[in-house]
Amino acid sequence: HVVVVHLHVDCRDAMGANLINTLCEALAPALAELAAGRVGLRILSNLTDERLVTAEVEVPVAALHESGAPGTGAEVAEAIAAASRFAELDPYRAATHNKGIMNGVDAALLATGQDWRAVEAGAHAYAARGGRYAPLAVWTVRGDALHGTLTMPLALGIVGGTLHVHPTARLGLRLVGATSATDLARVIAAVGLATNLAALRALATEGIQRGHMALHARAVARAEIGRAHV
């Protein structure tokens, strides 16, 4: 028989990995004695499903129309909602849908000195919590507005770890203006929802490759300029 003990810790403004691992290791011998067993693994879980953050937005459908782009605002909104529904029904699409969310989330995590690998692991585990991989963000049309909501686990910190010694991370936190880990999590969840909307809007109108290839062309141009100066 295996006994699994969950230790719930309010880490406040710390990410909490070191704190939780220390507590797990300290409590394990006493728990093993109570259970008349032996100690197994003593480590945190990155599925932090009690540190969930939800971001929501309503976008007027008229704001989704871009001059020269195909489709009215209402048509673009319906196409975005259809793409969201596709992700709800198909795990292959959901994986790429969530990758688009994490494009923004990971960039913000890196800029503020967070453990982006831990957040990635938790996000994807949470997406599969029902036994089927699902989208973290869902979009629906409600009247004259496109409504989006994203819920995901975000175990973040503004104190501890390398934050005290990493000047870039400290600068990133100052730019965000977060005074608590909760503030930071709200901002980063909003970034994830915004990048998801940008990706779905591109898919619903001009296709994703136009933007991707424009970025690729700029990268190639920079590389050529760099070689020219060597």
Side-chain angles (χ1 to χ4, degrees), residues 4-21 23-24 43-59 80-81 83-85 87-89 91 93-140 142 146-161 163 169 172-173 176-200:
V4 179
V5 178
H6 287 226
L7 178 64
H8 298 267
V9 181
D10 183 355
C11 301
R12 308 302 294 174
D13 289 331
M15 185 270 185
N18 291 332
L19 169 63
I20 294 169
N21 288 340
L23 289 171
C24 288
I43 191 168
L44 86 166
S45 170
N46 291 124
L47 177 52
T48 55
D49 54 6
E50 292 198 11
R51 295 180 77 173
L52 298 177
V53 182
T54 297
E56 293 186 79
V57 67
E58 278 200 352
V59 183
I80 290 171
S84 176
R85 182 62 178 156
E88 292 178 68
L89 297 171
R93 172 58 204 152
T96 309
H97 182 98
N98 289 343
K99 189 267 185 183
I101 293 169
M102 300 311 293
N103 282 345
V105 169
D106 285 348
L109 295 172
L110 285 167
T112 54
Q114 308 301 309
D115 187 344
W116 65 271
R117 301 168 310 282
V119 172
E120 278 270 359
H124 294 299
Y126 183 74
R129 67 194 181 282
R132 179 182 177 85
Y133 192 84
L136 295 168
V138 173
W139 298 88
T140 56
R142 300 181 183 177
L146 176 70
H147 181 268
T149 181
L150 177 149
T151 299
M152 65 181 294
L154 280 169
L156 309 180
I158 63 168
V159 297
L163 294 174
L173 288 171
V176 170
T179 58
S180 69
T182 300
D183 286 344
L184 181 60
R186 287 170 175 161
V187 171
I188 291 180
V191 169
L193 189 58
T195 53
N196 184 229
L197 175 59
L200 292 181

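Each residue takes its place number in the sequence, starting with 1.
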Please name the pair of heavy atoms, one in [X] and one in [Y], separated by the smallest distance, quoted to 0.1 Å.
X    : Y    : answer
G148 : L193 : O-CD2, 3.9 Å
A94  : A134 : CB-C, 4.0 Å
A123 : M152 : CB-CE, 3.8 Å
A127 : N98  : CB-ND2, 3.7 Å
I158 : A178 : CD1-O, 4.5 Å
L200 : A83  : CD2-CB, 3.9 Å

Is the backbone N or O of [Y] less than 3.5 Å from a side-chain atom of [X], with the two atoms forming a donor-acceptor pair by type?
X    : Y    : answer
R142 : E58  : no
H97  : A137 : yes
T195 : G100 : yes
Q114 : G157 : yes

[X] [atom1] to [Y] [atom2] distance, which is reported to the nearest 0.5 Å:
X    : Y    : atom1 : atom2 : result
T48  : H8   : OG1   : NE2   : 12.0 Å
D183 : D13  : CG    : CG    : 8.5 Å
T96  : I101 : OG1   : CD1   : 11.5 Å
C11  : I20  : SG    : CD1   : 4.0 Å
L44  : L7   : CG    : CG    : 10.5 Å
L52  : T151 : CG    : OG1   : 7.0 Å

Report yes if some heavy atom in the side chain of [X] is under 4.5 Å from a heavy atom in the side chain of [Y]; otherwise report no.
X    : Y    : value
P153 : D49  : no
E88  : P135 : yes
V119 : L156 : yes
T112 : I188 : yes
L146 : L197 : yes
W116 : M102 : no

Exercise. Between R117 and E120, is there a side-chain N and carboxylate O pair less than 4.0 Å apart?
Worked result: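 No, this pair does not count.
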
Exercise. Do other residues, nucleotides or ligands put more than 12 heavy atoms under 6.0 Å from the CG atom of N18?
Worked result: no

For this session: Check whether more than 12 heavy atoms from other residues, nucleotides or ligands sit under 6.0 Å from atom CZ of R129, and answer yes or no.
Result: yes

